[in-house]
Amino acid sequence: MWRMERRGAVPAICAAYFIGMVLSQTTLTPAVMNTTFIENVTSLTVTPVILSSTTPGCSAFNTSTCEPCAPGSQYDNNTLLCACCSDPGLCLFPGACLPCTTGFYQPLAGQQQCLPCERGFYTNFTGSPLCHPCPAGSFNNNTGGVSCTSCSPGFFSSRQSSTSCAPCSVGRFCNSSGCSQCPMCPGGTEALQTAAKDCTPCRPGMHKAPHQTMCQICGSGFYQIHWGKETCDVCPENHYCPSPDVNPIQCPSDAFCPEGSLAPSYCMETFFRKAGETCELAPVTIALLVIGGGVALLFIILMVLRRRRDTDRELTLARAPLLRKERPQGRYYGIPCDAEPVYAGW
(Lines give C-alpha, C1' and ligand atoms only; values in the text may rest on other atoms or scores of the structure.)
Protein backbone atom coordinates (compact mmCIF):
# COMPACT_ATOMS: atom_id res chain seq x y z
CA MET A 1 0.00 0.00 0.00
CA TRP A 2 2.82 2.39 0.86
CA ARG A 3 4.55 1.56 -2.43
CA MET A 4 1.44 2.40 -4.46
CA GLU A 5 1.08 5.79 -2.76
CA ARG A 6 4.76 6.46 -3.36
CA ARG A 7 4.40 5.60 -7.05
CA GLY A 8 1.51 8.07 -7.39
CA ALA A 9 3.32 10.84 -5.55
CA VAL A 10 6.40 10.86 -7.77
CA PRO A 11 4.55 11.99 -10.96
CA ALA A 12 2.72 14.61 -8.94
CA ILE A 13 5.97 16.07 -7.65
CA CYS A 14 7.40 16.15 -11.19
CA ALA A 15 4.28 17.89 -12.51
CA ALA A 16 4.47 20.51 -9.77
CA TYR A 17 8.13 21.15 -10.63
CA PHE A 18 7.22 21.43 -14.35
CA ILE A 19 4.42 23.94 -13.63
CA GLY A 20 6.76 26.02 -11.47
CA MET A 21 9.21 26.32 -14.33
CA VAL A 22 6.48 27.43 -16.74
CA LEU A 23 5.14 30.05 -14.32
CA SER A 24 8.58 31.42 -13.59
CA GLN A 25 9.33 32.02 -17.29
CA THR A 26 6.11 33.66 -18.49
CA THR A 27 4.43 36.97 -17.64
CA LEU A 28 0.92 35.78 -18.68
CA THR A 29 -1.77 34.83 -16.23
CA PRO A 30 -1.02 31.26 -15.31
CA ALA A 31 -3.34 28.52 -16.48
CA VAL A 32 -5.29 26.57 -13.89
CA MET A 33 -4.07 23.01 -13.65
CA ASN A 34 -6.24 20.06 -12.62
CA THR A 35 -4.69 16.77 -11.56
CA THR A 36 -6.82 13.64 -11.92
CA PHE A 37 -5.84 10.15 -10.74
CA ILE A 38 -7.00 7.30 -12.94
CA GLU A 39 -5.70 3.82 -12.17
CA ASN A 40 -2.80 5.26 -10.15
CA VAL A 41 -1.65 7.38 -13.10
CA THR A 42 -1.72 11.19 -12.88
CA SER A 43 -2.82 13.03 -16.05
CA LEU A 44 -2.46 16.75 -16.59
CA THR A 45 -5.42 18.73 -18.02
CA VAL A 46 -4.63 22.30 -19.04
CA THR A 47 -7.35 24.95 -18.92
CA PRO A 48 -7.17 26.72 -22.33
CA VAL A 49 -5.57 30.19 -22.43
CA ILE A 50 -4.53 32.23 -25.43
CA LEU A 51 -0.80 31.84 -25.94
CA SER A 52 1.68 32.53 -28.71
CA SER A 53 4.51 30.40 -30.08
CA THR A 54 6.84 33.27 -29.20
CA THR A 55 5.91 33.14 -25.53
CA PRO A 56 9.07 33.08 -23.38
CA GLY A 57 7.69 30.02 -21.58
CA CYS A 58 8.34 27.90 -24.68
CA SER A 59 12.07 27.98 -23.93
CA ALA A 60 11.42 25.52 -21.14
CA PHE A 61 10.25 22.88 -23.66
CA ASN A 62 12.26 20.69 -25.96
CA THR A 63 10.36 21.47 -29.18
CA SER A 64 12.45 18.98 -31.13
CA THR A 65 10.24 16.26 -29.70
CA CYS A 66 6.99 17.67 -31.19
CA GLU A 67 4.80 15.00 -32.75
CA PRO A 68 1.74 15.22 -35.04
CA CYS A 69 -1.64 14.76 -33.43
CA ALA A 70 -2.88 11.21 -33.86
CA PRO A 71 -5.96 10.35 -35.95
CA GLY A 72 -9.09 11.08 -33.99
CA SER A 73 -7.63 14.25 -32.46
CA GLN A 74 -6.84 17.82 -33.45
CA TYR A 75 -4.25 20.50 -32.73
CA ASP A 76 -4.92 22.69 -29.69
CA ASN A 77 -3.43 26.19 -30.09
CA ASN A 78 -4.65 27.25 -26.66
CA THR A 79 -1.94 25.40 -24.76
CA LEU A 80 1.84 25.76 -24.65
CA LEU A 81 2.16 22.02 -25.19
CA CYS A 82 0.98 22.59 -28.78
CA ALA A 83 1.49 26.31 -29.42
CA CYS A 84 5.24 26.10 -28.77
CA CYS A 85 5.70 23.63 -31.65
CA SER A 86 6.78 25.16 -34.94
CA ASP A 87 4.07 23.70 -37.20
CA PRO A 88 0.31 23.60 -36.60
CA GLY A 89 -0.84 20.05 -36.02
CA LEU A 90 2.18 19.24 -33.82
CA CYS A 91 2.30 19.00 -30.03
CA LEU A 92 4.97 18.04 -27.53
CA PHE A 93 3.30 14.67 -27.13
CA PRO A 94 0.07 13.14 -28.65
CA GLY A 95 -1.74 13.39 -25.31
CA ALA A 96 -1.68 17.18 -25.54
CA CYS A 97 -3.95 17.14 -28.62
CA LEU A 98 -7.69 17.58 -28.28
CA PRO A 99 -9.75 14.44 -29.07
CA CYS A 100 -12.55 14.84 -31.58
CA THR A 101 -15.91 15.31 -29.90
CA THR A 102 -18.86 12.99 -30.53
CA GLY A 103 -20.25 13.42 -34.03
CA PHE A 104 -16.81 14.46 -35.37
CA TYR A 105 -13.86 12.46 -36.67
CA GLN A 106 -10.40 12.85 -38.13
CA PRO A 107 -8.83 10.00 -40.13
CA LEU A 108 -5.46 11.71 -40.64
CA ALA A 109 -2.64 12.64 -38.29
CA GLY A 110 -1.44 16.19 -37.63
CA GLN A 111 -4.68 17.96 -38.47
CA GLN A 112 -5.85 21.27 -37.06
CA GLN A 113 -9.54 20.40 -36.76
CA CYS A 114 -11.96 17.47 -36.77
CA LEU A 115 -14.60 16.90 -39.44
CA PRO A 116 -18.35 16.39 -38.85
CA CYS A 117 -19.83 13.02 -39.79
CA GLU A 118 -21.78 13.11 -43.03
CA ARG A 119 -25.49 12.39 -43.24
CA GLY A 120 -26.17 8.71 -42.82
CA PHE A 121 -23.11 8.30 -40.57
CA TYR A 122 -22.46 8.79 -36.86
CA THR A 123 -19.94 8.39 -34.06
CA ASN A 124 -20.94 8.31 -30.41
CA PHE A 125 -17.53 8.48 -28.73
CA THR A 126 -14.71 11.03 -28.58
CA GLY A 127 -11.43 10.67 -30.41
CA SER A 128 -12.95 8.79 -33.34
CA PRO A 129 -10.82 8.40 -36.47
CA LEU A 130 -13.90 7.51 -38.55
CA CYS A 131 -17.71 7.59 -38.61
CA HIS A 132 -19.90 4.50 -38.70
CA PRO A 133 -22.72 4.05 -41.22
CA CYS A 134 -26.23 3.85 -39.87
CA PRO A 135 -27.29 0.19 -39.93
CA ALA A 136 -30.20 -1.02 -42.05
CA GLY A 137 -33.49 -0.13 -40.43
CA SER A 138 -32.24 3.28 -39.24
CA PHE A 139 -31.30 6.66 -40.68
CA ASN A 140 -29.61 9.99 -39.92
CA ASN A 141 -30.41 13.11 -41.88
CA ASN A 142 -28.03 15.50 -40.08
CA THR A 143 -24.29 16.11 -40.24
CA GLY A 144 -22.29 15.57 -37.08
CA GLY A 145 -24.65 12.84 -35.91
CA VAL A 146 -23.98 11.03 -32.66
CA SER A 147 -26.63 8.34 -33.24
CA CYS A 148 -29.10 6.99 -35.78
CA THR A 149 -32.89 6.95 -35.56
CA SER A 150 -34.80 3.71 -36.06
CA CYS A 151 -37.41 3.61 -38.80
CA SER A 152 -40.97 3.93 -37.50
CA PRO A 153 -43.49 1.08 -37.92
CA GLY A 154 -44.74 1.03 -41.50
CA PHE A 155 -41.37 2.30 -42.81
CA PHE A 156 -38.11 0.57 -43.66
CA SER A 157 -34.51 1.12 -44.74
CA SER A 158 -32.88 -1.77 -46.56
CA ARG A 159 -29.34 -0.39 -46.85
CA GLN A 160 -26.72 1.15 -44.60
CA SER A 161 -25.99 4.88 -44.31
CA SER A 162 -29.58 5.82 -45.15
CA THR A 163 -30.70 9.41 -44.74
CA SER A 164 -34.41 8.53 -44.62
CA CYS A 165 -36.83 5.59 -44.39
CA ALA A 166 -39.25 4.58 -47.15
CA PRO A 167 -42.91 3.58 -46.58
CA CYS A 168 -43.91 -0.04 -47.07
CA SER A 169 -45.61 -0.58 -50.43
CA VAL A 170 -49.16 -1.88 -50.91
CA GLY A 171 -49.42 -5.51 -49.86
CA ARG A 172 -46.50 -5.26 -47.41
CA PHE A 173 -46.28 -4.23 -43.76
CA CYS A 174 -43.92 -3.54 -40.84
CA ASN A 175 -45.35 -3.77 -37.32
CA SER A 176 -42.21 -2.75 -35.39
CA SER A 177 -39.54 -0.06 -35.46
CA GLY A 178 -36.21 -0.57 -37.18
CA CYS A 179 -37.44 -2.66 -40.13
CA SER A 180 -34.82 -3.37 -42.79
CA GLN A 181 -37.54 -4.66 -45.15
CA CYS A 182 -41.32 -4.99 -45.33
CA PRO A 183 -42.55 -8.59 -45.62
CA MET A 184 -45.53 -9.58 -47.75
CA CYS A 185 -48.84 -9.94 -45.96
CA PRO A 186 -49.48 -13.61 -45.15
CA GLY A 187 -51.99 -15.63 -47.14
CA GLY A 188 -55.57 -14.57 -46.50
CA THR A 189 -54.58 -11.03 -45.50
CA GLU A 190 -53.86 -7.79 -47.34
CA ALA A 191 -52.62 -4.21 -46.88
CA LEU A 192 -54.46 -1.77 -49.12
CA GLN A 193 -52.42 1.32 -48.21
CA THR A 194 -48.76 2.23 -48.08
CA ALA A 195 -46.89 2.42 -44.77
CA ALA A 196 -49.11 -0.31 -43.32
CA LYS A 197 -48.35 -1.42 -39.77
CA ASP A 198 -50.37 -4.62 -40.04
CA CYS A 199 -52.52 -6.61 -42.48
CA THR A 200 -56.29 -7.09 -42.56
CA PRO A 201 -57.96 -10.45 -43.31
CA CYS A 202 -59.77 -11.04 -46.59
CA ARG A 203 -63.55 -10.72 -46.39
CA PRO A 204 -65.97 -13.63 -47.04
CA GLY A 205 -66.27 -14.27 -50.75
CA MET A 206 -62.59 -13.40 -51.27
CA HIS A 207 -59.22 -15.12 -50.98
CA LYS A 208 -55.49 -14.39 -51.33
CA ALA A 209 -52.52 -16.67 -51.84
CA PRO A 210 -49.24 -15.83 -50.00
CA HIS A 211 -47.59 -14.51 -53.19
CA GLN A 212 -50.49 -12.23 -54.14
CA THR A 213 -50.73 -8.56 -53.21
CA MET A 214 -54.48 -8.10 -52.75
CA CYS A 215 -57.50 -10.26 -51.97
CA GLN A 216 -59.33 -11.68 -55.00
CA ILE A 217 -63.05 -12.41 -55.47
CA CYS A 218 -63.88 -16.10 -55.69
CA GLY A 219 -64.45 -17.31 -59.23
CA SER A 220 -67.78 -18.41 -60.71
CA GLY A 221 -69.00 -21.61 -59.04
CA PHE A 222 -66.80 -21.10 -55.96
CA TYR A 223 -67.60 -19.73 -52.53
CA GLN A 224 -65.95 -18.77 -49.21
CA ILE A 225 -67.96 -17.84 -46.11
CA HIS A 226 -65.01 -17.35 -43.71
CA TRP A 227 -62.60 -14.43 -43.13
CA GLY A 228 -58.91 -14.56 -44.01
CA LYS A 229 -58.75 -17.60 -46.30
CA GLU A 230 -56.14 -18.39 -48.94
CA THR A 231 -58.47 -20.31 -51.29
CA CYS A 232 -62.16 -20.64 -52.21
CA ASP A 233 -64.18 -23.87 -52.14
CA VAL A 234 -65.91 -25.28 -55.21
CA CYS A 235 -69.70 -25.38 -55.04
CA PRO A 236 -70.65 -29.03 -54.30
CA GLU A 237 -72.81 -31.25 -56.48
CA ASN A 238 -76.61 -30.88 -56.14
CA HIS A 239 -76.04 -27.33 -54.95
CA TYR A 240 -75.59 -23.97 -56.64
CA CYS A 241 -73.75 -20.83 -55.50
CA PRO A 242 -75.24 -17.58 -56.84
CA SER A 243 -72.90 -15.47 -54.67
CA PRO A 244 -69.35 -16.26 -53.49
CA ASP A 245 -70.00 -15.11 -49.91
CA VAL A 246 -73.02 -17.31 -49.06
CA ASN A 247 -73.48 -20.98 -48.27
CA PRO A 248 -74.33 -23.29 -51.21
CA ILE A 249 -78.08 -23.60 -51.89
CA GLN A 250 -79.79 -26.96 -52.32
CA CYS A 251 -80.69 -27.70 -55.92
CA PRO A 252 -84.48 -27.96 -56.72
CA SER A 253 -85.81 -31.45 -57.34
CA ASP A 254 -86.72 -30.71 -60.95
CA ALA A 255 -83.36 -29.15 -61.85
CA PHE A 256 -79.76 -30.19 -62.46
CA CYS A 257 -76.85 -28.81 -60.35
CA PRO A 258 -73.48 -30.34 -61.21
CA GLU A 259 -70.36 -29.41 -59.22
CA GLY A 260 -69.49 -25.72 -59.55
CA SER A 261 -73.00 -24.61 -60.56
CA LEU A 262 -73.76 -20.93 -60.46
CA ALA A 263 -77.50 -21.51 -60.96
CA PRO A 264 -79.79 -24.57 -61.41
CA SER A 265 -80.43 -25.91 -64.93
CA TYR A 266 -83.98 -26.98 -65.90
CA CYS A 267 -85.39 -29.16 -68.67
CA MET A 268 -87.48 -27.36 -71.32
CA GLU A 269 -90.85 -26.73 -69.71
CA THR A 270 -93.97 -28.54 -71.03
CA PHE A 271 -92.12 -30.64 -73.58
CA PHE A 272 -89.48 -32.29 -71.34
CA ARG A 273 -89.22 -33.49 -67.77
CA LYS A 274 -86.36 -34.58 -65.51
CA ALA A 275 -85.70 -38.31 -65.31
CA GLY A 276 -82.70 -39.05 -63.11
CA GLU A 277 -79.71 -37.25 -64.57
CA THR A 278 -81.28 -36.59 -67.98
CA CYS A 279 -84.34 -35.03 -69.56
CA GLU A 280 -87.06 -37.11 -71.28
CA LEU A 281 -90.12 -36.32 -73.39
CA ALA A 282 -93.23 -35.35 -71.48
CA PRO A 283 -96.53 -37.26 -72.21
CA VAL A 284 -98.02 -34.17 -73.79
CA THR A 285 -95.06 -33.96 -76.12
CA ILE A 286 -95.49 -37.62 -77.11
CA ALA A 287 -99.21 -37.10 -77.85
CA LEU A 288 -98.50 -34.03 -79.93
CA LEU A 289 -95.86 -35.89 -81.91
CA VAL A 290 -98.31 -38.76 -82.61
CA ILE A 291 -101.08 -36.41 -83.73
CA GLY A 292 -98.73 -34.36 -85.79
CA GLY A 293 -97.31 -37.47 -87.44
CA GLY A 294 -100.81 -38.74 -88.33
CA VAL A 295 -101.80 -35.43 -89.85
CA ALA A 296 -98.65 -35.32 -91.88
CA LEU A 297 -99.20 -38.87 -93.16
CA LEU A 298 -102.78 -38.10 -94.17
CA PHE A 299 -101.67 -34.99 -96.02
CA ILE A 300 -99.10 -37.00 -97.93
CA ILE A 301 -101.71 -39.61 -98.92
CA LEU A 302 -104.11 -36.96 -100.20
CA MET A 303 -101.35 -35.32 -102.23
CA VAL A 304 -100.47 -38.64 -103.84
CA LEU A 305 -104.09 -39.39 -104.75
CA ARG A 306 -104.60 -35.98 -106.28
CA ARG A 307 -101.46 -36.30 -108.32
CA ARG A 308 -102.56 -39.67 -109.59
CA ARG A 309 -106.01 -38.31 -110.64
CA ASP A 310 -104.46 -35.48 -112.58
CA THR A 311 -102.14 -37.90 -114.37
CA ASP A 312 -105.02 -40.20 -115.44
CA ARG A 313 -106.96 -37.27 -116.91
CA GLU A 314 -104.06 -36.17 -119.01
CA LEU A 315 -103.61 -39.68 -120.40
CA THR A 316 -107.30 -39.86 -121.41
CA LEU A 317 -107.08 -36.70 -123.40
CA ALA A 318 -103.92 -37.85 -125.12
CA ARG A 319 -105.57 -41.06 -126.36
CA ALA A 320 -108.57 -39.29 -128.18
CA PRO A 321 -108.44 -39.09 -132.12
CA LEU A 322 -106.95 -35.97 -133.53
CA LEU A 323 -110.04 -35.26 -135.82
CA ARG A 324 -112.33 -35.19 -132.91
CA LYS A 325 -110.46 -32.35 -131.58
CA GLU A 326 -112.42 -29.22 -132.32
CA ARG A 327 -110.48 -26.49 -133.91
CA PRO A 328 -110.95 -23.40 -131.98
CA GLN A 329 -112.50 -20.52 -133.79
CA GLY A 330 -110.33 -17.66 -134.48
CA ARG A 331 -108.44 -15.74 -137.09
CA TYR A 332 -105.27 -16.81 -138.81
CA TYR A 333 -103.08 -14.25 -140.40
CA GLY A 334 -105.87 -11.67 -140.03
CA ILE A 335 -108.49 -13.78 -142.01
CA PRO A 336 -111.35 -15.73 -140.48
CA CYS A 337 -110.97 -19.49 -140.60
CA ASP A 338 -114.22 -20.02 -142.67
CA ALA A 339 -113.52 -17.34 -145.34
CA GLU A 340 -113.25 -18.17 -149.04
CA PRO A 341 -109.81 -18.34 -150.45
CA VAL A 342 -108.65 -15.37 -152.45
CA TYR A 343 -106.69 -15.96 -155.60
CA ALA A 344 -103.95 -13.68 -156.78
CA GLY A 345 -105.06 -13.81 -160.46
CA TRP A 346 -103.22 -16.72 -161.84
- Is the SG of Cys151 found under 2.5 Å away from the SG of Cys165? yes
- Of all heavy-atom pairs between Thr123 and Cys117, which one has the smallest distance, and what is that distance? CG2-SG, 3.5 Å
- Side-chain touch Asn140/Thr149, heavy atoms, less than 4.5 angstrom: no
- Provide the closest heavy-atom pair for Thr101 versus Thr126 in the form atom of the first, atom of the second, distance. CA-CG2, 4.1 Å
- Side-chain donor-acceptor pair present, Ser177, Ser150, cut-off under 3.5 Å: no
- Should Tyr266 and Asp254 count as side-chain neighbours, where that means a heavy-atom distance under 4.5 Å? yes
- Item | Nearest-0.5 Å distance that lies between atom SG in Cys218 and atom NZ in Lys229 | 12.0 Å
- Item | Atom pair SG (Cys199) and CZ (Phe173), whose distance is rounded to the nearest 0.5 Å | 4.5 Å
- Under the 3.5 angstrom rule, does the side chain of Ser128 hit a backbone N or O of Phe125 as a donor-acceptor pair? no
- Message: For a side chain to side chain contact (heavy atoms under 4.5 Å, CB included) check, start with the C-alpha distance between Tyr105 and Cys131, then their side-chain angles and the critical distance, and finish with the verdict.
- Response: CA-CA 7 Å; Tyr105 77 105; Cys131 294; 3.2 Å; yes
- Atom CE in Met184, atom NZ in Lys208: separation rounded to 0.5 Å? 5.0 Å
- Sub-3.5 Å donor-acceptor pair from the side chain of Gln224 to the main-chain atoms of His226, do we have one? yes
- Task: Please assess Met214 against Leu192 for the test side chain to side chain contact (heavy atoms under 4.5 Å, CB included), listing each intermediate value before the final yes or no.
- Result: CA-CA 7 Å; Met214 302 175 62; Leu192 298 178; 3.6 Å; yes
- Message: Before you tell me yes or no, could you show the steps for Cys168 and Cys179 under disulfide bond (SG atoms under 2.5 Å apart), namely the whole-Å CA-CA distance, both residues' side-chain angles and the distance that decides it to 0.1 Å?
- Response: CA-CA 10 Å; Cys168 297; Cys179 286; over 6 Å; no
- Task: Could you tell me whether Glu118 atom CD has more than 12 heavy atoms of other residues or ligands within 6.0 Å of it?
- Result: no
- Starting from the C-alpha separation in whole Å, work towards a yes-or-no answer on side chain to side chain contact (heavy atoms under 4.5 Å, CB included) for Cys174 and Phe156. CA-CA 8 Å; Cys174 172; Phe156 77 103; 5.7 Å; no
- Would you indicate whether Ile217, at its atom CD1, is surrounded by more than 12 heavy atoms from other residues, nucleotides or ligands within a distance under 6.0 Å? no
- Task: Would you check if Pro248 and Cys235 make a side-chain contact, meaning some heavy-atom pair closer than 4.5 Å?
- Result: yes
- Item | Min side-chain heavy-atom separation Thr213-Val170 under 4.5 Å | yes
- In Å, rounded to the nearest 0.5 Å, how long is the span from OG of Ser265 to OH of Tyr240? 11.5 Å
- Heavy-atom closest contact (Pro133 atom, Gln160 atom, distance): CG-OE1, 3.9 Å
- Query: Do Leu305 and Leu297 belong together in a cluster built from hydrophobic side chains that touch within less than 4.5 Å?
  - Reply: yes
- Query: Taking the SG atom of each, are Cys91 and Cys85 under 2.5 Å apart?
  - Reply: no
- Task: Taking all non-hydrogen atoms of both residues into account, name the closest pair between Ser220 and Leu262 and its distance.
- Result: OG-CD2, 3.7 Å
- Query: Should we say atom CD of Gln113 is surrounded by more than 12 heavy atoms from elsewhere, each under 6.0 Å from it?
  - Reply: no
- Side-chain donor/acceptor of Gln111 to backbone N/O of Leu108, under 3.5 Å: no
- Would you check if the side chain of Arg119 reaches a backbone N or O of Thr143 as a donor-acceptor pair within less than 3.5 Å? no
- Measuring from Lys197:NZ to Ser152:OG, what's the distance to the nearest 0.5 Å? 8.0 Å
- Cysteines Cys97 and Cys69 with SG distance under 2.5 Å: yes
- Verify, without hydrogens or angle tests, whether Ser261 (side chain) and Ala263 (backbone) share a donor-acceptor contact under 3.5 angstrom. no
- Gap separating the CG atom of Leu98 from the SG atom of Cys82, nearest 0.5 angstrom: 7.0 Å
- Message: Testing the basics here: between Val246 and Ile225, what is the closest heavy-atom pair and its distance to 0.1 Å?
- Response: C-CG2, 3.6 Å
- Message: Counting C-beta onward and ignoring hydrogens, is there a side-chain heavy-atom pair between Pro264 and Cys257 closer than 4.5 Å?
- Response: yes
- Message: Given 3.5 Å as the limit, does a donor-acceptor pair link the side chain of Thr200 with the main chain of Glu190, or not?
- Response: yes
- Message: Less than 4.5 Å apart, side chain to side chain, heavy atoms only: is that true for Ile249 and Pro242?
- Response: yes
- Query: What's the shortest heavy-atom distance between Gly89 and Tyr75, and which atoms?
  - Reply: N-CD1, 3.1 Å
- Hey, is CD on Gln250 packed in by over 12 heavy atoms from elsewhere, all under 6.0 Å? yes
- Under 3.5 Å, side chain of Gln74 to main-chain N/O of Cys114, donor-acceptor pair present? yes
- Item | Heavy-atom donor-acceptor pair, His207 side chain to Glu230 backbone, under 3.5 Å | yes
- Task: Would you indicate whether the side-chain heavy atoms of Val234 and Phe222 approach each other to under 4.5 Å?
- Result: yes
- Message: Could you check whether any side-chain heavy atom of His132 comes within less than 4.5 Å of a side-chain heavy atom of Phe121, counting everything from C-beta outward?
- Response: no
- Task: Take Asn124 and Ser147 through the test side chain to side chain contact (heavy atoms under 4.5 Å, CB included) and record every step on the way to the result.
- Result: CA-CA 6 Å; Asn124 56 1; Ser147 63; 5.8 Å; no
